[in-house]
Amino acid sequence: MKYAYYPGCSAESSARDQHLSSLAVARALGLTFVEIPGWSCCGSTPGHQTDRTLAASLSAANLVLAGDMGLDIVVNCAACFSRLKTANHEVRNHPGMRKKVAEAVGRDYDGSVRVRHLMEILLEDYGPERLAAALRHSLRGLKVACYYGCLLVRPHEVTGFDDPENPTAMDRLVTAMGGESLDWPGKVECCGNSLSLTTRSDLVVNLTDPIIGMAKAAGADCIAVACPLCQVNLDLRQTDIHKQTGRRYDMPILYITQLLGLCLGVSPAGLGLEKLVVSPSAIADRVKAADNRKVQGI
């Protein structure tokens, strides 16, 4: 199974750990990720806040490059996933926009390159049963609150990802790893997205405090995420939540690829676990101690 890999800008900065863990998981499972030669920024939130044509063109430029490779694009960043999907939707449904994008990119693009999140690859192409059999370690009943946020599921007519109100893709991966995915009400609440990177971190505190509180009340040992901005907001802002509200959660926030990498036997350093603000060491130790072959009775 071979894919055109789009890392996105955060892979080289704030989400280096998501990038490392995604590549480690791909290597362990025998998936071939070929980084798109000459890829550039998708525009992210600043792009579409500035200009609709600019935003579509920045993402379409990368889709054109992937189209030349003849491969589906695999993305692990929820923001990049949203912007690439939106560019496809724009050129497919708006002839005027397709013409503007062609002028900006220098080539006509019809929106035909398939954009897929890594979780879709793992579930649809690799398969949860095969995944479970490949694991060296198990989550052994670890209680995980799977958090999807906004960008993977909304707007559903653009992303087409799972159920927009009650997505279960990440939950199915957690179950395949031997964990307990929790039924909790916060999985698609907004965390504030890029507000954490501006001067309004106070708003992020107001949004993330109830999300982590709901996960805590559901009995979560940790929260699993698939978006760099969600990870930053839920992990980094716990200190600010404590200062502002007095509530202290100490809730580890791990990328789903970090949990999967631990179960595949990848070292914590190979997954970038040292970058997390709230220590996941107890989670890593628990997973390492759980032999999946014994759990499965092999």
Side-chain angles (χ1 to χ4, degrees), residues 1-39 62 65-66 69-78 80-81 84 114-139 142 144 169-170 172-179 222 224-228 231 253-276 280-281 283-293 295-296 298:
M1 289 175 272
K2 190 174 182 180
Y3 307 90
Y5 177 56
Y6 180 74
C9 302
S10 59
E12 298 178 348
S13 54
S14 59
R16 185 73 182 166
D17 42 354
Q18 187 186 34
H19 173 63
L20 287 174
S21 57
S22 296
L23 294 182
V25 164
R27 282 194 297 272
L29 295 177
L31 302 172
T32 302
F33 286 4
V34 183
E35 188 167 319
I36 300 172
W39 67 268
N62 293 293
L65 293 174
M69 299 168 72
L71 300 170
D72 290 354
I73 283 187
V74 59
V75 187
N76 56 15
C77 169
C80 298
F81 176 76
L84 294 173
R114 195 176 179 198
V115 179
R116 308 176 70 195
H117 193 275
L118 177 54
M119 287 192 289
E120 295 176 312
I121 300 292
L122 295 172
L123 287 168
E124 297 169 8
D125 296 5
Y126 201 84
E129 294 80 12
R130 189 178 171 193
L131 181 66
L135 304 181
R136 294 175 57 187
H137 306 284
S138 166
L139 294 183
L142 189 78
V144 182
M170 203 183 314
R172 283 180 278 154
L173 289 173
V174 167
T175 300
M177 287 185 266
C222 68
V225 298
C227 172
Q231 202 286 328
I253 313 294
L254 292 92
Y255 289 108
I256 186 67
T257 45
Q258 291 177 316
L259 282 175
L260 183 51
L262 287 171
C263 290
L264 287 165
V266 182
S267 71
L271 301 169
L273 290 188
E274 76 283 357
K275 279 179 61 62
L276 304 183
S281 58
I283 303 292
D285 291 344
R286 179 170 170 175
V287 174
K288 187 177 179 181
D291 188 322
N292 191 47
R293 292 168 299 180
V295 173
Q296 291 192 331
I298 298 173

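To the nearest 0.5 angstrom, Leu254 atom CG is 12.0 Å from Leu260 atom CG. Considering CG of Leu135 and CG of Leu262, their distance stands at 11.0 Å, rounded to 0.5 Å. Distance check: Asn62 CG to Tyr6 OH gives 4.5 Å after rounding to the nearest 0.5 Å. With rounding to the nearest 0.5 Å, the separation of NZ in Lys288 from SG in Cys263 is 14.0 Å. Taken from SG in Cys222 to CD1 in Ile283, the straight-line distance is 4.5 Å, to the nearest 0.5 Å. The distance from atom CZ of Arg114 to atom CG of Leu84, rounded to the nearest 0.5 Å, is 14.5 Å.
Across all non-hydrogen atoms, the minimal contact from Leu20 to Gly270 is CB-O, 3.8 Å. Summarising the geometry of Cys80 relative to Val75, their closest heavy-atom pair is CB-CG1, 3.6 Å, with the distance given to 0.1 Å. Contact detail for Leu29 and Ala134: the closest heavy-atom pair is CD2-CB, 3.9 Å. Between Ala224 and Leu259 the shortest heavy-atom distance is CB-CD1, 4.0 Å. Closest approach of Pro37 to Leu65, counting heavy atoms only: O-CD1, 3.5 Å. Here the closest heavy-atom approach between residue Met119 and residue Ala226 is recorded as CE-CB, 3.9 Å.
For the side chain to side chain contact (heavy atoms under 4.5 Å, CB included) test with Val74, the passing option among Leu122, Val34, Ile121 is Ile121; the others fail.
A search for side chain to side chain donor-acceptor pair (under 3.5 Å) contacts involving Gln231 returns Asp235, not counting sequence neighbours. Legend: residues meeting side-chain contact (heavy atoms from CB on, under 4.5 Å) with Ser14, ordered by chain and number and at least two apart, are Ser10. The salt bridge (Lys or Arg N to Asp or Glu O under 4.0 Å) check on Arg116 picks up Asp72, Glu124, Asp125, with sequence neighbours excluded. The side-chain contact (heavy atoms from CB on, under 4.5 Å) check on Ala78 picks up Leu151, Leu152, Cys227, with sequence neighbours excluded. Residues passing the side-chain contact (heavy atoms from CB on, under 4.5 Å) test with Lys275 are Arg16, Asp17, sequence neighbours excluded.
Counting only residues at least two apart or on different chains, the ring pair (Phe, Tyr, Trp, His ring centres under 6.0 Å) pairs with a member in residues 8-32 are Tyr5-His19. Pairs engaging residues 254-271 under the side-chain hydrogen bond (donor to acceptor under 3.5 Å, both in side chains) rule: Ser21-Thr257 [sequence neighbours left out]. Pairs engaging residues 25-38 under the side-chain hydrogen bond (donor to acceptor under 3.5 Å, both in side chains) rule: Glu35-Trp39 [sequence neighbours left out].
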Practice prompt. Kindly indicate, with the supporting measurements, whether the criterion side-chain contact (heavy atoms from CB on, under 4.5 Å) is fulfilled by Ile253 and Leu276.
Written response: CA-CA 8 Å; Ile253 313 294; Leu276 304 183; over 6 Å; no
Item to complete: I would like to know whether Leu118 and Phe33 meet side-chain contact (heavy atoms from CB on, under 4.5 Å); could you show each step before the answer?
Response: CA-CA 11 Å; Leu118 177 54; Phe33 286 4; 3.6 Å; yes
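With contacts defined as side-chain heavy-atom distances shorter than 4.5 Å, the pair Arg172/Pro128 does not qualify. Side-chain contact between Ile36 and Ile73 is present, with at least one heavy-atom pair separated by less than 4.5 Å.
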